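Shown next, in structure tokens, is the structure this report addresses.
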Amino acid sequence: MNDIIIEIKNVNKSYDDKPVVKNLSLAIRRGEFVTLLGPSGCGKTTTLRMLAGFEQPTSGSVYFNGQDITDIPPHKRNINTVFQKYALFPHLNVFGNIAYGLKLKFIPDGEPYTDKKGNTVQKMRRLTKAEISEKVNNALKMVDLEDYGHRAVNSLSGGQQQRVAIARALVNEPQVLLLDEPLGALDLKMRKDMQLELMQMHKQLGITFVYVTHDQEEALTMSDKIVVMKDGVIQQIGTPTKIYDEPANAFVADFIGESNILSGIMVKDFCVDISGHKFECVDKGFKRNEPIDVIIRPEDIRIVDTDDKKCLVEADVLTCVFKGDHYQVTALTRGDERNEIIIHDNVQVNSGDAIGIYIKPFDFHIMHKSRIINTLEGKIYDENVVEFCGGRFPCVSALPAGTPVKVTVDFDDVELTDDEQDGVIGATIISSIYKGSYWQYIVRTDDYYDFFVDNDYEWTLNDRVGIKIAPDKIILEEIVVQDEPTAGKGEGDD
């Protein structure tokens with residue numbers, strides 16, 4: 001039997017021509033606990049709904065046990081869903097809610113037989129009351145609600161209602177259980193308890209769980225495999241340990257746990273430069289002097305004396321906060337460019353103290369930058385005016401109107417304004433990562449272009465901003481359009 005139970009191939013989903021899921025491919029093994037993890041709007045719930053059959057892909061295919069189920073309706077898939085809002089029937093008691101699907105279900109009645117026309121026929125029947133009662137009671141026992149069958153669902157706590165919703169899904173014996181942020185409405189303690197219960201149910205049942213959440217700790221605690229998503233695109237797939245210890249890019253590192261994310265230069269193999277300080281690392285295969293991102297987890301940084309031979313760089317303590325099992329220290333490195341870093345250590349220090357910092361070579365995580373400059377296409381609108389992203393920007397150019405051009409702008413040359421009316425075009429902050437001495441933003445224009453912006457000012461996600469660029473910071477390069485070759489007369493033609 002094939003070990004793959006669900007396969008998503010090149011799936012795209014758009015609403016009103018805006019892509020929500022982009023060319024997503026994913027294989028899920030039988031019996032796995034897989035979590036789709038990402039911020040709001042990343043496409044994880046849409047992906048789950050396409051698995052369930054509640055949404056149809058714009059393109060691409062969904063396979064279940066090797067069969068294409070892209071166009072098969074939800075009730076014909078051996079997949080059940082538990083929703084965040086439970087969707088329990090208020091007019092039915094606990095038993096009635098769990099039994100509802102069973103009362104509609106048909107099962108084979110006896111062996112298939114051949115009719116007079118030679119067709120193989122399978123006679124079907126509904127479940128008996130005794131069979132329904134046995135299955136419901138087994139499901140209640142599974143979720144530890146054995147004595148609650150007669151209770152009204154509105155009389156139950158949030159955690160108990162969640163268990164009823166899970167029992168209702170499991171009673172139909174699906175091969176796959178989809179869970180769409182099922183613990184989101186619970187308080188912290190109840191959520192922690194339900195995490196453990198869901199893990200125990202998964203082990204007990206042995207069926208495939210596909211779980212959607214934006215809670216990183218929840219994903220790390222429960223999953224066999226985590227799929228990290230952003231803007232409808234899979235950023236990384238791996239075990240919780242792999243995702244945490246070896247993030248694929250700055251977004252994953254920032255989203256999963258705390259990280260120090262700094263810009264650097266890969267001087268050569270095994271040597272990285274951060275703000276003028278050279279450090280030994282274990283990475284190789286980068287171009288010499290390639291701009292890169294450096295990820296350092298706070299728990300991988302050790303505080304030492306400034307005169308200790310292990311000291312790699314000195315820093316000044318800004319704050320020191322006791323967190324129970326460690327101190328969280330915020331410090332500012334010394335040098336031409338001072339970077340703010342977070343340290344988790346069991347050493348208590350005081351604000352203003354000078355400390356030394358030691359990091360082992362394998363605790364520097366080096367990764368390629370996803371982009372090093374903003375590049376897009378536009379055209380010359382008028383003398384010294386270029387049009388791109390729906391706006392007309394002053395520029396320095398002698399090219400005639402109508403000339404197609406490639407536009408490039410450095411990250412730190414894009415100016416953001418609090419009032420979007422003060423900008424040439426408006427945009428929305430969709431991502432922010434602190435780089436130690438500045439913020440790196442991704443701002444999305446109304447025609448869906450993403451600008452990368454380095455800025456000292458702190459905005460919050462979903463803030464509306466204006467975009468301005470100084471004329472001399474817009475670099476233009478004419479796009480030469482090749483003429484289509486014209487067909488000549490062949491030899492011997494008149």
Side-chain angles (χ1 to χ4, degrees), residues 5-6 28-36 45 48-49 51-54 64-65 69 73-89 92-107 126-151 153 156-186 190-191 193-213 218 221-224:
I5 190 168
I6 291 175
I28 298 174
R29 297 185 181 280
R30 204 174 304 278
E32 272 190 317
F33 194 127
V34 176
T35 297
L36 306 181
T45 292
L48 196 82
R49 290 178 63 82
L51 287 179
F54 300 126
F64 181 79
N65 282 329
I69 61 167
H75 68 278
K76 292 187 177 180
R77 304 185 184 197
N78 196 5
I79 298 173
N80 276 28
T81 306
V82 178
F83 302 98
Q84 181 176 356
K85 295 185 178 179
Y86 313 149
L88 299 177
F89 301 117
L92 298 177
N93 62 14
V94 169
F95 186 99
N97 266 276
I98 298 172
Y100 183 81
L102 294 175
K103 292 177 180 178
L104 304 176
K105 189 174 183 178
F106 286 89
I107 62 171
R126 292 186 185 274
L127 291 166
T128 65
K129 287 185 178 180
E131 288 171 330
I132 290 173
S133 181
E134 181 182 3
K135 288 179 179 293
V136 171
N137 286 330
N138 287 337
L140 284 169
K141 185 177 182 180
M142 190 185 307
V143 297
D144 200 24
L145 291 175
E146 289 177 86
D147 299 323
Y148 284 74
H150 65 285
R151 297 274 293 272
V153 292
L156 304 181
S157 68
Q160 290 168 337
Q161 289 184 25
Q162 184 58 273
R163 289 182 195 158
V164 174
I166 292 169
R168 185 176 62 181
L170 293 176
V171 77
N172 286 298
E173 299 171 355
Q175 293 185 49
V176 176
L177 183 65
L178 309 179
L179 301 108
D180 185 9
E181 304 213 38
L183 311 184
L186 306 180
M190 194 174 292
R191 191 160 66 241
D193 291 342
M194 282 302 299
Q195 287 175 17
L196 298 176
E197 290 190 26
L198 281 173
M199 291 168 65
Q200 184 60 38
M201 284 182 206
H202 175 251
K203 289 179 181 177
Q204 178 182 342
L205 295 167
I207 65 174
T208 305
F209 278 29
V210 183
Y211 193 93
V212 162
T213 185
E218 199 164 87
T221 299
M222 302 171 67
S223 315
D224 297 323

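These figures come from a predicted structure and were not determined experimentally. Along the sequence shown, the residues carry numbers beginning at 1.
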Report task. Keeping the roles fixed (side chain from R29, backbone from I5), state whether a donor-acceptor pair exists under 3.5 Å. Result -> no

Query raised in the report: Looking only at side chains, do E218 and Y211 share a donor and an acceptor under 3.5 Å apart?
Result: yes

Query raised in the report: Roughly how far, to the nearest 0.5 Å, is CZ of R77 from CG of L51?
Result: 8.0 Å

**Report entry** E197 side chain reached by Q200 side chain, heavy atoms, under 4.5 Å
**Finding:** no

**Report entry** Over 12 non-hydrogen atoms of neighbours within 6.0 angstrom of OH in Y148
**Finding:** no

Query - Over all atoms of both residues, closest heavy-atom pair of S223 and T35 - result: OG-OG1, 2.5 Å

**Report entry** Note, F64 side chain near Q175 side chain (heavy atom, < 4.5 Å)
**Finding:** yes

Query raised in the report: For M194 and I166, what are the C-alpha separation, side-chain angles and deciding distance, and is it a side-chain contact (heavy atoms from CB on, under 4.5 Å)?
Result: CA-CA 11 Å; M194 282 302 299; I166 292 169; 3.9 Å; yes

Report task. Report yes if the side chains of R163 and L140 come closer than 4.5 Å at any heavy-atom pair, otherwise no. Result -> no

Query raised in the report: Can you tell me if E173 and N78 form a side-chain donor-acceptor pair at under 3.5 Å?
Result: no

Query - Rounded distance [0.5 Å steps], CZ in R126 versus NZ in K103 - result: 11.0 Å

Query raised in the report: Quick one: does M142's side chain get under 4.5 Å of L170's, heavy atoms only?
Result: yes

Query raised in the report: Taking atom CG of N138 as the centre, does the number of heavy atoms from other residues, nucleotides or ligands within less than 6.0 Å exceed 12?
Result: yes

Query raised in the report: Atom CZ of R191 and atom OG1 of T213: how far apart are they, to the nearest 0.5 Å?
Result: 8.0 Å

Query raised in the report: What are the two closest non-hydrogen atoms of N172 and G101, and how far apart are they?
Result: OD1-C, 3.9 Å

Query raised in the report: Do V164 and V143 touch side chain to side chain, with heavy atoms closer than 4.5 Å?
Result: no

Report task. Name the orientation class of the two ring planes belonging to F33 and F209 (parallel below 30°, tilted from 30 to 60°, perpendicular beyond 60°). Result -> tilted

Requested in this report: Tell me, please, which residues at least two apart from R168 pass salt bridge (Lys or Arg N to Asp or Glu O under 4.0 Å).
Outcome: none

**Report entry** Interatomic distance, R30 atom CZ to I6 atom CD1 [nearest 0.5 angstrom]
**Finding:** 10.0 Å

Query raised in the report: Which distance, rounded to the nearest 0.5 Å, do you find between the CG of N97 and the CG of L88?
Result: 5.0 Å

Query - side-chain contact (heavy atoms from CB on, under 4.5 Å) assessment of I28 paired with V210 - result: CA-CA 9 Å; I28 298 174; V210 183; 3.8 Å; yes

Query raised in the report: Given the rule in the side-chain hydrogen bond (donor to acceptor under 3.5 Å, both in side chains) test, do T208 and E32 qualify, once you have shown the distances and angles that lead to the verdict?
Result: CA-CA 5 Å; T208 305; E32 272 190 317; over 6 Å; no

Query raised in the report: Run the side-chain contact (heavy atoms from CB on, under 4.5 Å) check on L178 and V82 step by step: do they pass?
Result: CA-CA 6 Å; L178 309 179; V82 178; over 6 Å; no

Report task. Heavy atoms only: give me the nearest L177-A169 pair and the separation to one decimal. Result -> CD1-CB, 3.4 Å

Query - Approximate separation, where rounding is to 0.5 Å, of K105 NZ and I132 CD1 - result: 10.5 Å

Query - Nearest heavy-atom neighbours spanning L36 and L48 - result: CD1-N, 4.5 Å

Query - Y100 atom OH, neighbour heavy-atom count above 12 within 6.0 Å - result: no

Requested in this report: Locate the shortest heavy-atom distance separating K141 from E146; write the atom from each residue and the value.
Outcome: CA-CG, 3.5 Å

Query raised in the report: Below 4.5 Å, heavy atoms only, C-beta onward: do F95 and N137 meet side chain to side chain?
Result: yes

Query - Backbone N/O of G31 and side chain of H202: donor-acceptor pair under 3.5 Å - result: yes

Query raised in the report: Is L156 close to V94 at the side-chain level, that is, under 4.5 Å between some pair of heavy atoms?
Result: yes

Query raised in the report: Counting N and O atoms only, with roles assigned by atom type, does the side chain of Q161 sit under 3.5 Å from a partner on the main chain of V153, one being a donor and the other an acceptor?
Result: yes

